[in-house]
Amino acid sequence: MQIVEDNYNSSFFHDQLIYWHIHNNHRQMPWKAETDPYRIWLSEIILQQTRVEQGLAYYERFINNYPTILSLANANDTDVFKLWEGLGYYSRCKNLLSTARQIATEYAGIFPATYDTILKLKGVGPYTAAAISSFAYNLPHAVVDGNVTRVLARYFGMDVAIDSTAGKQVFLEKAQRLLNKEAPGKYNQAIMDFGATVCKPQVPLCEECFLQTNCSALLTNQVQLLPVKSKKNIRRNRWLNYIIIQFGEGVYIRKRQGKDIWQNLYEFLLLESEHAVSAEELLDLDILAYLKAEKFTILHSSEVRKQVLTHQLVNGLFIHLMVYSPIYIPGYEWIDLKKLDRFPFPRFINSFLDIYPLKP
DNA sequence: AATACGGGGAA
DNA sequence: TTCCCAGTATT
């Protein structure tokens, strides 16, 4: 890459981007022009690896239920996870609560206002710290998200892998050099909106793009090849079979623990298997021995259901049983069906309950 | 340095 | 199916 040409391109790129942002960027979002760091932080956590359209409703619900960081800090965990239910990446929710409480106790409820202190907060990495710093406090820190790496990779013809350690450093430095130090928030907003609405991943609008005359990828016909990603995702198969054991008007559930998917969400009696198993085989397992001592009735046995996650393909079936005396299952608790909707469940379970509602 | 962590929308 | 989304924490 030529240094001189790079400098020329950089100033053209920067000026055009700001011009577009002021005159032709019509993307609306409720947290735009927001100055409350709590709201900015909340929106940024929700939007990590999440499309704006998907996160929007969650943001509104959180603001309605918890208008201040102190109200969030004082909330009860299950209620907050219930609000987060279905959004995915549930460690974000855990860290959200943790940070709200830390700010309540250690910062007297006042959101920290420097990049380094913000970066230390749980759930806040380089991207989110730069976003909060620039949007809430107009501090000169460039955001580097998926939009930014894509835009920079294409416009400047950067073919270093965006998911390599070296690549991340290169893009961060490039973004930081391009940043308008006078209006960092405005510049950060501009480049992300541009990436999301014009320089899109699959079908970018190059024909109507105001940067087309200087875009390296477009000029060398590499738009579809940039940015470069080195790692490929592996998806493993998994079989999660659930036994819904009902006694009276309640069922047995537990909160998921340990380092696995769906931490802090709830589930029914889980029987994980290495391969697909039938309902008959499941009910034959030793783990259900204590059930055999009791009289029970099979009310329903579902088809195999599937859910695609980023690193797993979850398969499994649901069996609904009725028992006629209370049973003890270590780690599980009996919950009245009328209260079941207070508990957050993974999508895999909720999608089954949608077609097979549990009624008292 | 590599990997896991959800769910949804678009092609 | 595959890709990718206003990334981060953990190993």
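Please read these numbers as outputs of a predicted model, since none were measured by experiment. Just so it is clear: chains get the letters A, B, ... in the order the sequence lines come, proteins before strands, and each one is counted from 1.
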(request) Would you check if the distance from the ring center of A:F348 to the ring center of A:F318 is below 6.0 Å? (result) yes

(request) For salt bridge (charged side-chain N to carboxylate O under 4.0 Å, His left out), just list the numbers for A:D260 and A:R238, CA-CA rounded to whole Å, side-chain angles, deciding distance to a tenth of an Å, and then say yes or no. (result) CA-CA 12 Å; A:D260 198 352; A:R238 219 171 153 182; 2.6 Å; yes

(message) Rounded to whole Å, please give me the gap between NZ in A:K232 and P in B:dA4.
(response) 15 Å

(request) Decide, yes or no, whether a salt bridge links A:R347 with A:D354 under the criterion of side-chain N to carboxylate O below 4.0 Å. (result) yes

(request) Can you tell me, in whole Å, how much space there is between the P of C:dT11 and that of B:dG6? (result) 15 Å

(request) For A:S164, report the nucleic acid contact type (base, sugar-phosphate, nothing); a contact means any heavy atom under 4.0 Å. (result) nothing

(message) Checking A:N64 against A:E60: is there a side-chain donor and acceptor pair closer than 3.5 Å?
(response) no

(request) For C:dC4 and B:dC5, measure between their C1' atoms and round to the nearest Å. (result) 15 Å

(message) Do A:Y356 and A:H320 pair up side chain to side chain, a donor and an acceptor below 3.5 Å, judged on atom types alone?
(response) yes

(message) Taking 4.0 Å as the cut-off, does a side-chain nitrogen or oxygen of A:T165 come that near to OP1 or OP2 on B:dA2?
(response) no

(request) Identify whether any heavy atom of A:V148 sits under 4.0 Å from a base atom; if not, whether one sits that close to sugar-phosphate; answer base, sugar-phosphate or nothing. (result) nothing

(request) Provide, to the nearest angstrom, the distance between the NZ atom belonging to A:K231 and the P atom belonging to C:dC4. (result) 14 Å

(request) Between protein and nucleotides 5-11 of chain B, map the contacts as a letter string: B base, S sugar-phosphate only, - none, heavy atoms under 4.0 Å, written 5' to 3'. (result) BBBBB-S

(message) Say we look at C:dA9 and B:dG8: how far apart would their P atoms be, to the nearest angstrom?
(response) 24 Å

(request) Could you list by number each residue of residues 183-192 of chain A showing a heavy-atom separation from DNA chain C of less than 4.0 Å, or answer none if no residue does? (result) A:Q189, A:M192

(message) Contact list please: residues 28-36 of chain A against DNA chain C, heavy atoms, distance less than 4.0 Å, in numerical order.
(response) A:M29, A:W31

(request) Quick one: label A:K122 by what it contacts on the DNA or RNA (base, sugar-phosphate, nothing), any heavy atom closer than 4.0 Å. (result) sugar-phosphate

